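The structure under discussion appears below in the form of C-alpha coordinates.
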There are 2 protein chains.
Amino acid sequence: MTQTNEHCNAAETLQGAGLSQTTQRMAVLEIIIKADGPLSAADILNRTDPKQKINKVTIYRILSSFKERRIIRELPTDQGMNLYEMACRHNPIHPHFYCKTCRIMSCLPPLTLSQAMDWFAGSNAFRIDDVHVNLSGVCRRCRE
Amino acid sequence: MTQTNEHCNAAETLQGAGLSQTTQRMAVLEIIIKADGPLSAADILNRTDPKQKINKVTIYRILSSFKERRIIRELPTDQGMNLYEMACRHNPIHPHFYCKTCRIMSCLPPLTLSQAMDWFAGSNAFRIDDVHVNLSGVCRRCRE
DNA sequence: AATTGGTTTGCAATTGAGTTGCACTTAATG
DNA sequence: CATTAAGTGCAACTCAATTGCAAACCAATT
Ligand SMILES: [Mn+2]
Ligand SMILES: [Mn+2]
Ligand SMILES: [Zn+2]
Ligand SMILES: [Zn+2]
(Lines give C-alpha, C1' and ligand atoms only; values in the text may rest on other atoms or scores of the structure.)
(Ligands and ions follow the chains in the order given, each with its own letter.)
Protein backbone atom coordinates (compact mmCIF):
# COMPACT_ATOMS: atom_id res chain seq x y z
CA MET A 1 0.00 0.00 0.00
CA THR A 2 3.07 2.24 0.26
CA GLN A 3 5.75 2.78 -2.34
CA THR A 4 8.89 0.69 -2.00
CA ASN A 5 11.20 2.74 -4.13
CA GLU A 6 14.04 3.11 -1.65
CA HIS A 7 16.15 1.31 -4.23
CA CYS A 8 16.10 4.12 -6.76
CA ASN A 9 19.07 6.45 -7.06
CA ALA A 10 18.39 10.00 -8.16
CA ALA A 11 21.71 10.67 -9.90
CA GLU A 12 21.63 7.38 -11.81
CA THR A 13 18.02 7.91 -12.82
CA LEU A 14 18.76 11.33 -14.28
CA GLN A 15 21.80 10.02 -16.11
CA GLY A 16 19.84 7.05 -17.47
CA ALA A 17 17.23 9.45 -18.82
CA GLY A 18 19.82 11.70 -20.42
CA LEU A 19 18.98 14.64 -18.17
CA SER A 20 21.70 16.87 -16.79
CA GLN A 21 22.12 16.74 -13.04
CA THR A 22 21.00 20.12 -11.73
CA THR A 23 20.44 20.85 -8.04
CA GLN A 24 16.74 21.48 -8.68
CA ARG A 25 16.18 18.23 -10.56
CA MET A 26 18.08 16.28 -7.91
CA ALA A 27 16.04 17.87 -5.13
CA VAL A 28 12.68 17.21 -6.81
CA LEU A 29 13.59 13.63 -7.72
CA GLU A 30 14.82 12.85 -4.22
CA ILE A 31 11.61 14.20 -2.72
CA ILE A 32 9.54 11.93 -4.99
CA ILE A 33 11.77 8.92 -4.31
CA LYS A 34 11.55 9.42 -0.54
CA ALA A 35 7.79 10.04 -0.52
CA ASP A 36 5.54 7.33 0.89
CA GLY A 37 2.75 8.17 -1.57
CA PRO A 38 1.94 10.29 -4.60
CA LEU A 39 2.68 14.02 -4.23
CA SER A 40 1.26 17.17 -5.81
CA ALA A 41 3.42 19.97 -7.22
CA ALA A 42 2.55 21.98 -4.11
CA ASP A 43 3.55 19.07 -1.84
CA ILE A 44 6.93 18.96 -3.56
CA LEU A 45 7.38 22.72 -3.25
CA ASN A 46 6.61 22.48 0.48
CA ARG A 47 9.25 19.82 0.97
CA THR A 48 12.08 21.72 -0.70
CA ASP A 49 14.79 23.18 1.51
CA PRO A 50 13.50 26.63 2.59
CA LYS A 51 17.04 27.95 2.21
CA GLN A 52 17.10 27.19 -1.51
CA LYS A 53 13.41 27.25 -2.44
CA ILE A 54 12.80 26.11 -5.98
CA ASN A 55 10.47 28.19 -8.09
CA LYS A 56 6.99 26.77 -8.67
CA VAL A 57 7.42 27.05 -12.44
CA THR A 58 10.67 25.12 -12.30
CA ILE A 59 8.92 22.33 -10.40
CA TYR A 60 6.22 22.11 -13.07
CA ARG A 61 8.83 22.02 -15.81
CA ILE A 62 10.85 19.35 -14.04
CA LEU A 63 7.75 17.23 -13.44
CA SER A 64 6.83 17.61 -17.07
CA SER A 65 10.23 16.43 -18.29
CA PHE A 66 10.30 13.54 -15.79
CA LYS A 67 6.88 12.46 -16.99
CA GLU A 68 7.93 12.68 -20.63
CA ARG A 69 10.92 10.46 -19.94
CA ARG A 70 8.82 8.03 -17.90
CA ILE A 71 10.72 8.63 -14.68
CA ILE A 72 7.46 9.43 -12.95
CA ARG A 73 3.74 8.81 -13.51
CA GLU A 74 1.11 11.54 -13.37
CA LEU A 75 -2.14 10.72 -11.53
CA PRO A 76 -5.03 13.12 -12.20
CA THR A 77 -7.47 13.59 -9.30
CA ASP A 78 -11.11 14.67 -9.24
CA GLN A 79 -9.93 17.78 -7.42
CA GLY A 80 -8.40 19.56 -10.37
CA MET A 81 -4.77 18.79 -9.69
CA ASN A 82 -2.26 16.04 -10.48
CA LEU A 83 -0.22 13.82 -8.21
CA TYR A 84 3.12 12.26 -9.09
CA GLU A 85 4.88 9.00 -8.16
CA MET A 86 7.96 7.09 -9.27
CA ALA A 87 7.56 4.98 -12.40
CA CYS A 88 10.70 2.86 -11.78
CA ARG A 89 10.87 -0.94 -11.88
CA HIS A 90 10.35 -1.05 -8.10
CA ASN A 91 6.96 0.61 -8.42
CA PRO A 92 4.91 -1.16 -11.12
CA ILE A 93 1.65 0.34 -12.30
CA HIS A 94 -1.20 -0.22 -9.85
CA PRO A 95 -4.61 1.14 -8.78
CA HIS A 96 -4.98 4.04 -6.37
CA PHE A 97 -7.45 5.07 -3.75
CA TYR A 98 -8.15 8.76 -3.27
CA CYS A 99 -9.91 9.80 -0.07
CA LYS A 100 -12.13 12.80 -0.73
CA THR A 101 -12.03 13.79 2.92
CA CYS A 102 -8.34 13.81 3.84
CA ARG A 103 -7.28 14.19 0.20
CA ILE A 104 -4.65 11.51 0.51
CA MET A 105 -4.03 9.15 -2.38
CA SER A 106 -3.03 5.64 -1.34
CA CYS A 107 -1.33 3.13 -3.61
CA LEU A 108 -3.05 -0.26 -3.88
CA PRO A 109 -1.50 -3.61 -4.80
CA PRO A 110 -1.48 -4.48 -8.51
CA LEU A 111 -4.62 -6.54 -9.28
CA THR A 112 -6.96 -7.33 -12.15
CA LEU A 113 -10.27 -5.49 -12.02
CA SER A 114 -12.14 -8.63 -10.93
CA GLN A 115 -9.56 -9.43 -8.25
CA ALA A 116 -9.94 -5.86 -7.08
CA MET A 117 -13.71 -6.24 -6.87
CA ASP A 118 -13.36 -9.37 -4.71
CA TRP A 119 -10.74 -7.74 -2.57
CA PHE A 120 -12.84 -4.66 -1.94
CA ALA A 121 -16.00 -6.67 -1.28
CA GLY A 122 -14.21 -8.31 1.64
CA SER A 123 -12.45 -5.18 2.81
CA ASN A 124 -13.83 -2.34 4.85
CA ALA A 125 -10.71 -0.24 4.62
CA PHE A 126 -12.32 2.14 2.13
CA ARG A 127 -15.77 3.24 1.16
CA ILE A 128 -15.55 3.37 -2.61
CA ASP A 129 -17.68 6.00 -4.30
CA ASP A 130 -16.04 6.17 -7.71
CA VAL A 131 -13.96 3.99 -10.00
CA HIS A 132 -12.06 5.50 -12.90
CA VAL A 133 -10.12 3.47 -15.44
CA ASN A 134 -8.49 5.69 -18.01
CA LEU A 135 -6.08 4.90 -20.79
CA SER A 136 -4.56 7.64 -22.89
CA GLY A 137 -2.34 7.97 -25.92
CA VAL A 138 -3.05 8.55 -29.60
CA CYS A 139 -5.97 7.08 -31.53
CA ARG A 140 -5.66 5.44 -34.94
CA ARG A 141 -7.17 8.33 -36.86
CA CYS A 142 -4.66 10.73 -35.32
CA ARG A 143 -1.73 8.48 -36.20
CA GLU A 144 -2.30 8.45 -39.94
CA MET B 1 -17.37 1.82 -28.02
CA THR B 2 -20.21 4.30 -28.05
CA GLN B 3 -22.82 4.92 -25.39
CA THR B 4 -26.13 3.12 -25.80
CA ASN B 5 -28.25 5.24 -23.52
CA GLU B 6 -31.06 6.00 -25.92
CA HIS B 7 -33.30 4.21 -23.44
CA CYS B 8 -33.00 6.83 -20.71
CA ASN B 9 -35.76 9.37 -20.20
CA ALA B 10 -34.76 12.77 -18.85
CA ALA B 11 -37.98 13.59 -17.01
CA GLU B 12 -38.17 10.18 -15.33
CA THR B 13 -34.52 10.34 -14.37
CA LEU B 14 -34.94 13.71 -12.65
CA GLN B 15 -38.07 12.55 -10.86
CA GLY B 16 -36.35 9.34 -9.73
CA ALA B 17 -33.53 11.42 -8.28
CA GLY B 18 -35.91 13.76 -6.48
CA LEU B 19 -34.86 16.77 -8.54
CA SER B 20 -37.44 19.27 -9.71
CA GLN B 21 -37.88 19.43 -13.46
CA THR B 22 -36.50 22.82 -14.52
CA THR B 23 -35.92 23.76 -18.16
CA GLN B 24 -32.16 24.04 -17.55
CA ARG B 25 -31.84 20.63 -15.92
CA MET B 26 -33.93 19.02 -18.67
CA ALA B 27 -31.79 20.63 -21.38
CA VAL B 28 -28.48 19.57 -19.81
CA LEU B 29 -29.67 16.02 -19.14
CA GLU B 30 -31.02 15.59 -22.66
CA ILE B 31 -27.72 16.76 -24.13
CA ILE B 32 -25.83 14.17 -22.06
CA ILE B 33 -28.32 11.41 -22.92
CA LYS B 34 -28.10 12.15 -26.64
CA ALA B 35 -24.28 12.45 -26.69
CA ASP B 36 -22.30 9.65 -28.31
CA GLY B 37 -19.41 10.08 -25.87
CA PRO B 38 -18.37 11.90 -22.70
CA LEU B 39 -18.81 15.69 -22.81
CA SER B 40 -17.11 18.61 -21.05
CA ALA B 41 -19.02 21.47 -19.43
CA ALA B 42 -18.00 23.62 -22.41
CA ASP B 43 -19.29 20.97 -24.85
CA ILE B 44 -22.63 21.03 -23.07
CA LEU B 45 -22.77 24.83 -23.13
CA ASN B 46 -22.08 24.78 -26.88
CA ARG B 47 -24.95 22.40 -27.47
CA THR B 48 -27.58 24.40 -25.62
CA ASP B 49 -30.19 26.23 -27.66
CA PRO B 50 -28.61 29.62 -28.54
CA LYS B 51 -32.02 31.23 -28.02
CA GLN B 52 -32.11 30.22 -24.36
CA LYS B 53 -28.42 29.90 -23.50
CA ILE B 54 -27.87 28.48 -20.05
CA ASN B 55 -25.31 30.20 -17.85
CA LYS B 56 -21.98 28.43 -17.47
CA VAL B 57 -22.27 28.49 -13.67
CA THR B 58 -25.69 26.87 -13.86
CA ILE B 59 -24.24 24.08 -15.97
CA TYR B 60 -21.52 23.44 -13.41
CA ARG B 61 -24.08 23.40 -10.61
CA ILE B 62 -26.36 21.04 -12.50
CA LEU B 63 -23.47 18.69 -13.31
CA SER B 64 -22.46 18.76 -9.67
CA SER B 65 -25.95 17.81 -8.47
CA PHE B 66 -26.31 15.10 -11.15
CA LYS B 67 -22.98 13.64 -10.10
CA GLU B 68 -23.97 13.71 -6.44
CA ARG B 69 -27.15 11.79 -7.23
CA ARG B 70 -25.31 9.34 -9.49
CA ILE B 71 -27.18 10.33 -12.61
CA ILE B 72 -23.87 10.97 -14.34
CA ARG B 73 -20.21 9.99 -13.89
CA GLU B 74 -17.35 12.47 -13.89
CA LEU B 75 -14.21 11.51 -15.82
CA PRO B 76 -11.12 13.60 -15.02
CA THR B 77 -8.67 14.06 -17.89
CA ASP B 78 -4.96 14.84 -17.90
CA GLN B 79 -5.87 18.14 -19.51
CA GLY B 80 -7.23 19.84 -16.41
CA MET B 81 -10.91 19.45 -17.17
CA ASN B 82 -13.64 16.89 -16.52
CA LEU B 83 -15.88 14.99 -18.91
CA TYR B 84 -19.34 13.65 -18.07
CA GLU B 85 -21.37 10.64 -19.20
CA MET B 86 -24.60 8.93 -18.15
CA ALA B 87 -24.36 6.57 -15.19
CA CYS B 88 -27.66 4.78 -15.89
CA ARG B 89 -28.18 1.02 -16.06
CA HIS B 90 -27.71 1.14 -19.84
CA ASN B 91 -24.18 2.45 -19.47
CA PRO B 92 -22.27 0.32 -16.93
CA ILE B 93 -18.86 1.45 -15.70
CA HIS B 94 -16.10 0.81 -18.23
CA PRO B 95 -12.59 1.93 -19.24
CA HIS B 96 -11.97 4.95 -21.44
CA PHE B 97 -9.43 5.94 -24.00
CA TYR B 98 -8.40 9.57 -24.24
CA CYS B 99 -6.57 10.65 -27.39
CA LYS B 100 -4.09 13.39 -26.53
CA THR B 101 -4.11 14.63 -30.10
CA CYS B 102 -7.78 15.03 -31.00
CA ARG B 103 -8.82 15.28 -27.33
CA ILE B 104 -11.68 12.88 -27.79
CA MET B 105 -12.49 10.40 -25.05
CA SER B 106 -13.81 7.06 -26.33
CA CYS B 107 -15.73 4.56 -24.21
CA LEU B 108 -14.31 1.02 -24.22
CA PRO B 109 -16.15 -2.25 -23.51
CA PRO B 110 -16.21 -3.37 -19.86
CA LEU B 111 -13.26 -5.75 -19.28
CA THR B 112 -10.98 -6.96 -16.52
CA LEU B 113 -7.51 -5.41 -16.55
CA SER B 114 -5.94 -8.61 -17.90
CA GLN B 115 -8.59 -8.97 -20.59
CA ALA B 116 -7.91 -5.38 -21.50
CA MET B 117 -4.16 -6.06 -21.78
CA ASP B 118 -4.80 -8.98 -24.16
CA TRP B 119 -7.27 -6.99 -26.15
CA PHE B 120 -4.92 -4.09 -26.57
CA ALA B 121 -1.95 -6.28 -27.40
CA GLY B 122 -3.87 -7.56 -30.42
CA SER B 123 -5.37 -4.23 -31.34
CA ASN B 124 -3.74 -1.39 -33.18
CA ALA B 125 -6.67 0.95 -32.77
CA PHE B 126 -4.86 2.99 -30.12
CA ARG B 127 -1.31 3.70 -29.10
CA ILE B 128 -1.51 3.58 -25.33
CA ASP B 129 0.88 5.86 -23.48
CA ASP B 130 -0.74 5.93 -20.05
CA VAL B 131 -3.01 3.80 -17.90
CA HIS B 132 -4.79 5.26 -14.88
CA VAL B 133 -6.91 3.21 -12.49
CA ASN B 134 -8.35 5.39 -9.75
CA LEU B 135 -10.84 4.60 -7.03
CA SER B 136 -12.12 7.30 -4.74
CA GLY B 137 -14.34 7.62 -1.71
CA VAL B 138 -13.61 7.89 2.01
CA CYS B 139 -10.85 6.03 3.83
CA ARG B 140 -11.34 4.19 7.13
CA ARG B 141 -9.57 6.80 9.24
CA CYS B 142 -11.86 9.52 7.87
CA ARG B 143 -14.99 7.49 8.57
CA GLU B 144 -14.44 7.13 12.30
C1' DA C 1 -55.41 36.06 -6.33
C1' DA C 2 -51.91 37.46 -3.28
C1' DT C 3 -48.31 36.09 0.17
C1' DT C 4 -44.78 33.41 1.73
C1' DG C 5 -40.38 30.84 1.81
C1' DG C 6 -37.32 27.74 -0.16
C1' DT C 7 -34.96 26.48 -4.36
C1' DT C 8 -32.80 27.61 -8.70
C1' DT C 9 -30.59 30.70 -11.85
C1' DG C 10 -27.64 34.62 -13.73
C1' DC C 11 -23.96 37.77 -13.35
C1' DA C 12 -19.60 39.50 -11.67
C1' DA C 13 -15.80 38.65 -9.26
C1' DT C 14 -12.53 35.32 -7.65
C1' DT C 15 -9.71 31.11 -7.04
C1' DG C 16 -5.98 28.17 -8.01
C1' DA C 17 -3.45 24.83 -10.86
C1' DG C 18 -0.83 25.11 -14.52
C1' DT C 19 1.50 27.84 -18.60
C1' DT C 20 4.19 31.30 -21.27
C1' DG C 21 7.67 34.90 -22.46
C1' DC C 22 11.84 36.61 -21.58
C1' DA C 23 16.05 37.76 -19.20
C1' DC C 24 19.43 35.77 -16.23
C1' DT C 25 22.17 31.73 -14.53
C1' DT C 26 24.26 27.33 -14.62
C1' DA C 27 26.06 22.88 -16.00
C1' DA C 28 28.51 20.21 -19.46
C1' DT C 29 32.14 20.06 -22.89
C1' DG C 30 36.54 21.17 -24.93
C1' DC D 1 38.85 28.73 -17.81
C1' DA D 2 35.74 30.05 -21.80
C1' DT D 3 31.83 29.01 -24.58
C1' DT D 4 27.18 27.95 -25.24
C1' DA D 5 23.11 25.34 -25.03
C1' DA D 6 20.20 24.05 -21.44
C1' DG D 7 17.94 25.21 -17.25
C1' DT D 8 15.93 28.53 -13.95
C1' DG D 9 13.33 32.62 -11.79
C1' DC D 10 10.06 36.15 -12.05
C1' DA D 11 5.90 38.37 -13.65
C1' DA D 12 2.10 38.05 -16.17
C1' DC D 13 -1.23 35.21 -17.97
C1' DT D 14 -4.78 31.30 -19.10
C1' DC D 15 -8.71 28.86 -18.15
C1' DA D 16 -11.69 25.43 -15.70
C1' DA D 17 -14.13 25.72 -11.83
C1' DT D 18 -16.07 28.18 -7.57
C1' DT D 19 -18.26 31.75 -4.65
C1' DG D 20 -21.37 35.58 -3.15
C1' DC D 21 -25.30 37.77 -3.84
C1' DA D 22 -29.47 39.47 -5.89
C1' DA D 23 -33.18 38.38 -8.97
C1' DA D 24 -36.36 34.86 -10.72
C1' DC D 25 -38.91 30.85 -10.18
C1' DC D 26 -42.01 27.50 -8.09
C1' DA D 27 -44.98 25.22 -4.91
C1' DA D 28 -47.59 25.54 -0.93
C1' DT D 29 -50.53 28.29 2.04
C1' DT D 30 -53.78 32.16 3.33
MN1 LIG E 1 0.87 4.58 -6.56
MN1 LIG F 1 -17.77 5.98 -21.15
ZN1 LIG G 1 -9.26 9.94 4.39
ZN1 LIG H 1 -7.20 11.14 -31.82
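Letters A, B, ... are given to chains in the order of the sequence lines, protein chains preceding strands, and every chain is numbered from 1. When reading the values below, keep in mind they use all heavy atoms of this one structure, side chains included, and skip hydrogens, waters and symmetry mates. This structure is a prediction, so every number in the text was calculated from the model and none was measured.
- Rounded to whole Å, atom C1' of C/dG10 lies 10 Å from atom CD of B/Q24.
- Between the CE atom in A/M81 and the CG atom in A/D43 there is a gap of 7.0 Å [rounded to 0.5 Å].
- With contacts defined as side-chain heavy-atom distances shorter than 4.5 Å, the pair B/F66/B/L19 qualifies.
- Here the side chains of B/P76 and A/Q79 are not in contact, with every heavy-atom distance at 4.5 Å or above.
- In this structure, B/T58 does not reach the C/dT8 phosphate: none of its side-chain N or O atoms is under 4.0 Å from OP1 or OP2.
- Between the C1' atom of C/dA17 and the CG atom of A/L63 lies a distance of 12 Å, rounded to the nearest Å.
- The 5' end of DNA chain D is approached more closely, in terms of each residue's nearest nucleotide, by A/K56 than by the other of B/S40 and A/K56.
- Taking only side-chain nitrogens and oxygens, A/N82 never comes nearer than 4.0 Å to OP1 or OP2 of C/dA17.
- At the heavy-atom level, B/S20 lies under 4.0 Å from the strands shown only through sugar-phosphate atoms.
- Counting only heavy atoms from C-beta outward, the side chains of B/Q24 and B/I59 never approach each other to under 4.5 Å.
- Considering only heavy atoms from C-beta on, A/C139 comes within 4.5 Å of B/C102 through its side chain.
- Here the side chain of A/M81 is nearest to one of C/dC11, C/dG18, C/dA27, namely C/dG18.
- Proximity of B/R61 to the phosphate of C/dT9: no side-chain N or O atom is located under 4.0 Å from OP1 or OP2.
- Bracketed by its first and final contacts, the part of DNA chain D lying under 4.0 Å from non-hydrogen atoms of chain A reaches from D/dG7 to D/dA11 in 5' to 3' order.
- Using a 4.5 Å heavy-atom cutoff, the side chains of B/N82 and B/L63 are not in contact.
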